[in-house]
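Take a look at the structure set out below.
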Amino acid sequence: MRLLQLHCNNFEYTPTKKEISSAEEIEPETKSLDNVVVTFVAVEKGDDKSVARKAINEIKESLQKIGCKKLLLYPYAHLSSNLASPSLAFSLLKEMESLATDLDVSRAPFGWTKSYKLEVKGHPLAETSKSITKGTTDDEISEAVKSEEKIKSYWYILSPDGTMQEFDKFNFSKHPQLEILAKYESAKKRSVDETPPHVKLMKKLAIADYEPASDSGNMRFYPNGRLIKSLLEKYVTDKVLAYGGIEVETPIMYDSHHPSLESYFNRFPARQYNIHSEGKSLILRFAACFGQFLMAKDFQLSYRNLPLRLYEMTRYSFRREQSGELVGLRRLRAFTMPDCHAFCKDMKQAIEEFKKRFDLSSEVIHGVGLDNSDYEMAIRFTEDFYKENKQLIQDTVKKIGKPVLVEMWKEKFFYYILKWEFNYIDNLGKASALSTDQIDVENGKRYNIEFVDEENKPKNPIILHNSPSGAIERVIYALLEKAAKDAKEGRKPHLPLWLSPIQLRLIPLQPEFNEYCEKLANTLTSAEIRTDIDDRNESIGKRIREAETEWIHYILVIGEKEVNAKNLNVRERISGKVNEISIDELISDIKKQNHGKPFSKLNQSRYVSKRPQIMV
RNA sequence: GCUUCGAUAGCUCAGCCUGGUAGAGCGUUACCUUGGUAAGGUAAAGGUCGCGGGUCCAAUUCCCGCUCGAAGCUCCA
């Protein structure tokens with residue numbers, strides 16, 4: 001059954017003619033209702049009295065929340081492409097009406113073509129849609145949603161020495177960032193009108209920008225941004241493959257009514273992009289979970305094959321966040337996220353895997369250029385899991401080497417019993433999750449993923465959900481915010497060398513040195529150094545200044561001296577020094593810094609004079 | 001979604017309060033300049049002042065509505 005519920009200032013309808021032969025016998029007359037909740041109802045195949053009962057209970061609940069007592073049930077076939085027979089639909093509607101006599105209830109006639117006029121109120125709960133189906137999964141969901149509201153969490157700070165203190169008793173004086181994370185919910189107001197530093201930087205460095213012609217939160221990436229993203233994607237993928245991940249690719253859209261998916265989707269009804277195509281209702285994925293689960297379900301699995309680690313760099317995952325929540329590269333509606341699921345035969349194996357993935361995530365997050373002081377960890381688990389796995393949790397915190405925020409649940413109410421994240425705290429005191437991992441004990445069953453165990457019995461695996469870096473865009477956000485912090489505190493802002501769109505710039509003093517620069521650039525390029533040449537007819541001072549503002553690590557002015565001497569004069573941006581060194585020394589120095597990181601060629605014309613200006 | 005703010009040249013913005021159809025810097029183009037480690041000079045081109053309505057002799061400016069955007073809040077598996 002599908003419901004669309006509108007809280008109206010006024011609703012007026014007029015039956016015009018019978019649409020079907022089994023239409024209700026009535027005198028067609030215009031009815032007008034004030035301050036009424038109109039619920040459009042489509043009864044679907046498979047619905048029965050229990051569904052009608054469930055539906056009317058949910059409707060009552062929401063009316064109570066809104067504080068309205070007048071209800072109009074309005075038969076409305078257009079909400080579904082899988083309608084029940086008219087006779088069943090009519091009887092269930094009457095059933096719902098009879099179950100709501102404690103309200104001021106009325107019902108629009110069934111089987112008639114009607115015209116209507118309405119004015120919907122402007123409050124957040126005025127418009128809701130619901131899908132109600134028979135069966136256990138949906139019971140579980142509504143239970144889950146209910147228990148989510150009632151959930152009891154206890155908050156602690158767990159220190160590396162193993163002491164766990166209630167969070168309001170903890171002394172945060174040495175851990176201001178952790179305090180921000182811990183108190184994030186109650187965070188104070190910040191100065192208005194301040195654009196987050198990374199938003200300015202992403203434009204200034206021609207990395208990314210808003211695309212007004214798309215939906216908000218869908219960014220455009222300029223050549224620099226695409227290069228940075230692609231390097232990060234390669235880096236993370238390489239690390240996951242080294243850990244044992246197996247890369248796959250899954251569709252970005254799914255049938256909303258697929259039985260295994262429906263219950264999963266309905267839990268977050270406001271958060272998806274919906275697409276209608278050829279009568280099908282499709283949703284865009286918000287992670288790779290279901291794609292990989294559906295794939296794993298079709299694999300023939302033995303306990304010998306586990307742990308099985310499926311991995312995808314999702315370009316894209318979509319989440320239709322509320323428009324006001326979107327910020328630059330921090331929170332998007334379309335983003336690229338590594339998503340790696342490990343299917344494990346039992347909790348013992350899951351815990352072993354959990355440790356590996358924790359180390360993987362730490363390595364990745366440090367590899368991309370963030371260090372221990374840039375993020376704070378939060379770990380959440382059920383009380384039961386904690387009791388049985390104290391040592392594991394304490395060991396994990398020891399690895400971080402500083403206190404972490406703990407949320408402990410009395411009971412399990414999500415599909416996971418443990419979840420941790422690394423949170424980046426930015427210049428405006430905002431916390432955003434980067435790496436994360438979860439131990440999922442439900443979806444193996446929900447998706448019918450089975451393996452055969454040592455005793456030849458089918459079992460559902462425990463599934464770990466890991467994003468070793470978090471969203472790639474969010475990594476760029478964190479790196480830019482970190483650079484902004486450096487600038488604020490008097491250090492030179494920069495991106496890690498391996499991620500810099502241009503690593504080295506040659507500035508010929510005069511056009512006659514262009515040819516020499518070209519040769520030099522060939523040498524440096526073949527040594528995997530992204531090199532370009534600023535051949536514009538501008539003063540030396542100006543070209544150096546612009547190279548500095550583009551955060552180019554190495555600047556080489558090429559003139560008579562260089563052409564005739566063995567050594568080069570290399571301006572190293574971070575130190576601000578000009579060193580005279582040989583080309584071999586320069587190459588080996590840069591190679592050392594980029595060791596273990598992927599390389600991509602220059603994603604621009606080599607000559608600055610040939611490039612379009614990106615004015616943002 | 002709520003609140004607030006905004007929309008003027010390719011970009012960043014001034015002008016609006018006090019109405020008389022626009023200005024700067026950067027960028028672009030042309031010319032001059034051939035410069036040794038953070039901005040060389042001159043000139044030119046470039047605008048239906050977001051859209052619609054109202055007031056007025058006259059609206060970029062005042063008023064109303066709309067659209068789009070941003071920030072904050074709420075939220076964030």
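Residue numbering restarts at 1 for every chain, and letters A, B, ... go by the order of the sequence lines. None of these values were measured; they are calculated from a predicted model.
Here the shortest heavy-atom pairing between D534(A) and P508(A) reads O-CD, 3.3 Å.
Put simply, CD on Q510(A) is 16 Å from C1' on U37(B), counting in whole angstrom units. Rounded to a whole Å, the CG atom of L205(A) is 15 Å from the C1' atom of C11(B). If you measure from atom CG of D534(A) to atom P of G35(B), you get 17 Å, rounded to the nearest angstrom.
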Checklist entry - What is the per-nucleotide protein-contact pattern of nucleotides 24-33 of chain B, from the 5' end, where B denotes a base atom under 4.0 Å from a protein heavy atom, S denotes such proximity for sugar-phosphate atoms only, and - denotes neither? => result ---SS---BB

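For the side-chain hydrogen bond (donor to acceptor under 3.5 Å, both in side chains) criterion with S575(A), the lone passing option out of E572(A), K577(A), R571(A) is E572(A).
When both pairing distances are held under 3.5 Å, G23(B) makes a Watson-Crick or G-U pair with C13(B). When Watson-Crick and G-U wobble pairs are counted only if both distances are under 3.5 Å, U37(B) pairs with no nucleotide at all. Nucleotide G72(B) has C2(B) as its partner under the Watson-Crick or G-U criteria, with both atom distances under 3.5 Å. In this structure U67(B) sits in a base pair with A7(B), meeting the Watson-Crick or G-U test at under 3.5 Å. Base pairing analysis places U29(B) opposite A43(B); the two distances defining the Watson-Crick or G-U wobble pair are each below 3.5 Å. In this entry C56(B) has no Watson-Crick or G-U wobble partner, no candidate having both defining distances under 3.5 Å.
With hydrogens and angles ignored, no donor-acceptor pair closer than 3.5 Å exists between the side chain of E321(A) and the base of G1(B). Remark: the R331(A) side chain and the C76(B) base include a donor-acceptor N/O pair separated by less than 3.5 Å.
Electrostatic pairing of E548(A) and R505(A) does not count as a salt bridge here, judged by no charged N lying under 4.0 Å from a carboxylate O.
Between C49(B) and U60(B), the two P atoms lie 7 Å apart (nearest whole Å). For the P atoms, the distance linking U61(B) with A22(B) amounts to 14 Å, nearest Å. A distance of about 15 Å separates the P atoms of C16(B) and U21(B), rounded to the whole Å.
Minimum atom distance to the side chain of R543(A) is reached by G35(B), of the listed G35(B), A77(B), A71(B). Closest to the side chain of E562(A), from the set C76(B), A77(B), G36(B), is G36(B). Minimum atom distance to the side chain of R571(A) is reached by U37(B), of the listed G35(B), U37(B), A77(B).
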